2 protein chains.
Amino acid sequence: MTRPPPVPALQDHLGFWLRLVSNHVSHAFAARLAEREVTVAEWVTLRTLHARPPLSPSRLAAEISMTRGAITKLADRLIAKGLVRREADPEDGRAQTLALTPAGAALVPALAALADANDTAFFAPLDARERATMEKLLRRLVDAHGLAALPVD
Amino acid sequence: MTRPPPVPALQDHLGFWLRLVSNHVSHAFAARLAEREVTVAEWVTLRTLHARPPLSPSRLAAEISMTRGAITKLADRLIAKGLVRREADPEDGRAQTLALTPAGAALVPALAALADANDTAFFAPLDARERATMEKLLRRLVDAHGLAALPVD
DNA sequence: GAAAGATGATTGACTAGGAAACTACATCTG
DNA sequence: CAGATGTAGTTTCCTAGTCAATCATCTTTC
């Protein structure tokens with residue numbers, strides 16, 4: 001008499017809860033950004049380019065963990081919106097640089113306020129100590145697995 | 001003399017770390033599943049249908065937080081792979097029911113083992129107490145925001 | 001019991017991103 | 001310095017979702 005192999009529930013995995021909560025925060029944030037016609041990936045790009053010297057698409061791709069192909073399209077969109085400027089690198093005929101336009105730079109603080117508000121509202125059910133604990137544990141996982149400093153995707 | 005508005009870094013938000021870690025666990029899991037030619041959404045579907053009475057697409061959509069349109073296509077894929085069966089609901093001319101085929105049911109335990117292995121490996125840097133803490137905090141957020149906590153019932 | 005509205009599922013148009021092929025330029029090596 | 005190899009960016013094709021429109025059926029209401 002063989003019994004069926006035990007199959008743990010989805011909820012038995014910490015990864016499940018992580019994904020559920022993470023998806024929800026991101027979705028809530030995406031909804032706020034959508035009112036400004038900006039996606040999360042676009043926000044991350046704008047924030048990454050903010051107050052820094054121009055960055056090559058490849059470098060940006062690595063920093064925000066997207067492929068170079070995706071950056072080409074993302075940059076196209078941001079350029080079409082007048083938020084980013086693309087220029088040829090004078091020192092390397094293959095390379096480009098991306099930088100914020102004044103309009104892009106002006107938009108960042110407003111979007112940052114949305115990010116703040118979203119984070120504050122979502123994690124309000126935890127007190128300061130608990131939030132610190134959560135960050136500590138998450139950072140431990142990041143360190144232990146050598147994750148790239150930045151996400152998206 | 002006005003100074004520029006302060007713009008917090010991406011890393012200053014707990015949501016940032018959550019997304020970074022969550023994306024990584026999910027990606028690692030997706031890579032394991034890919035060897036069996038299964039996506040994460042397909043796994044969640046198979047697991048949800050496992051050892052339960054047939055479920056309508058709408059109900060499934062609600063449980064796994066996807067649109068009905070997405071479920072139609074997801075089900076088409078799983079049916080094409082011979083893992084799921086779709087039948088007309090005899091009691092409601094509009095409705096359908098989805099259930100696992102024997103092949104689908106047989107696949108679930110193998111995929112569940114992958115899920116276990118992935119979760120265990122990823123969260124190994126935390127000890128049991130820390131993992132329990134993390135789950136407790138995540139569940140608190142889920143409850144506080146009334147997130148669709150999947151199955152139940 | 002007929003019209004109006006609600007609900008279940010599918011479809012088509014659209015979006016964002018990945019993978020891999022491709023182009024152009026750079027660099028290395030003999 | 002010529003050919004081989006490497007690198008930056010773009011392009012094409014594909015996948016997997018959402019959203020909105022649609023069709024069929026069920027339910028409600030008068």
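All values reported here derive from a predicted model rather than from experimental measurement. In what follows, chains carry the letters A, B, and so on, assigned in the order in which the sequence lines appear, proteins first and then strands, with residues in each chain numbered from 1.
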Just the rounded figure in Å: distance from [atom2] of [N] to [atom1] of [X].
{"X": "H27(A)", "N": "dA16(C)", "atom1": "NE2", "atom2": "P", "result": "14 Å"}
{"X": "K81(A)", "N": "dT15(C)", "atom1": "NZ", "atom2": "P", "result": "12 Å"}
{"X": "E37(B)", "N": "dC14(D)", "atom1": "CD", "atom2": "P", "result": "17 Å"}
{"X": "D89(B)", "N": "dT7(C)", "atom1": "CG", "atom2": "P", "result": "17 Å"}
{"X": "L74(B)", "N": "dG17(D)", "atom1": "CG", "atom2": "C1'", "result": "10 Å"}

Could E42(A) and K81(A) be called an ion pair, given the rule that one side-chain N must be under 4.0 Å from one carboxylate O? yes
salt_bridge(E135(B), R131(B)) N-O dist < 4.0 Å: no
Does atom CZ (R129(A)) have a neighbourhood of more than 12 heavy atoms from anything else shown, all under 6.0 Å? no
D92(A) meets the salt bridge (charged side-chain N to carboxylate O under 4.0 Å, His left out) criterion, sequence neighbours left out, with R94(A)
Return yes if some donor-acceptor pair links the side-chain N/O of D143(A) with the main-chain N/O of R140(A) below 3.5 Å, else return no.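 Flag not set: sc D143(A) to bb R140(A) has no pair under 3.5 Å.
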For T39(A) and E91(A), take the nucleotide of DNA chain C holding the closest heavy atom to each; which residue's nucleotide lies nearer the 5' end? T39(A)
Mark up nucleotides 4-13 of chain D, 5' to 3', with B wherever a protein heavy atom is under 4.0 angstrom from a base atom, S wherever such an atom reaches only the sugar-phosphate, and - elsewhere. --BBSBBBBB
Return no unless some side-chain N or O of T67(A) is found under 4.0 Å from OP1 or OP2 of dG17(C). no
Does some side-chain heavy atom of L111(B) sit less than 4.5 Å from a side-chain heavy atom of L114(B)? yes
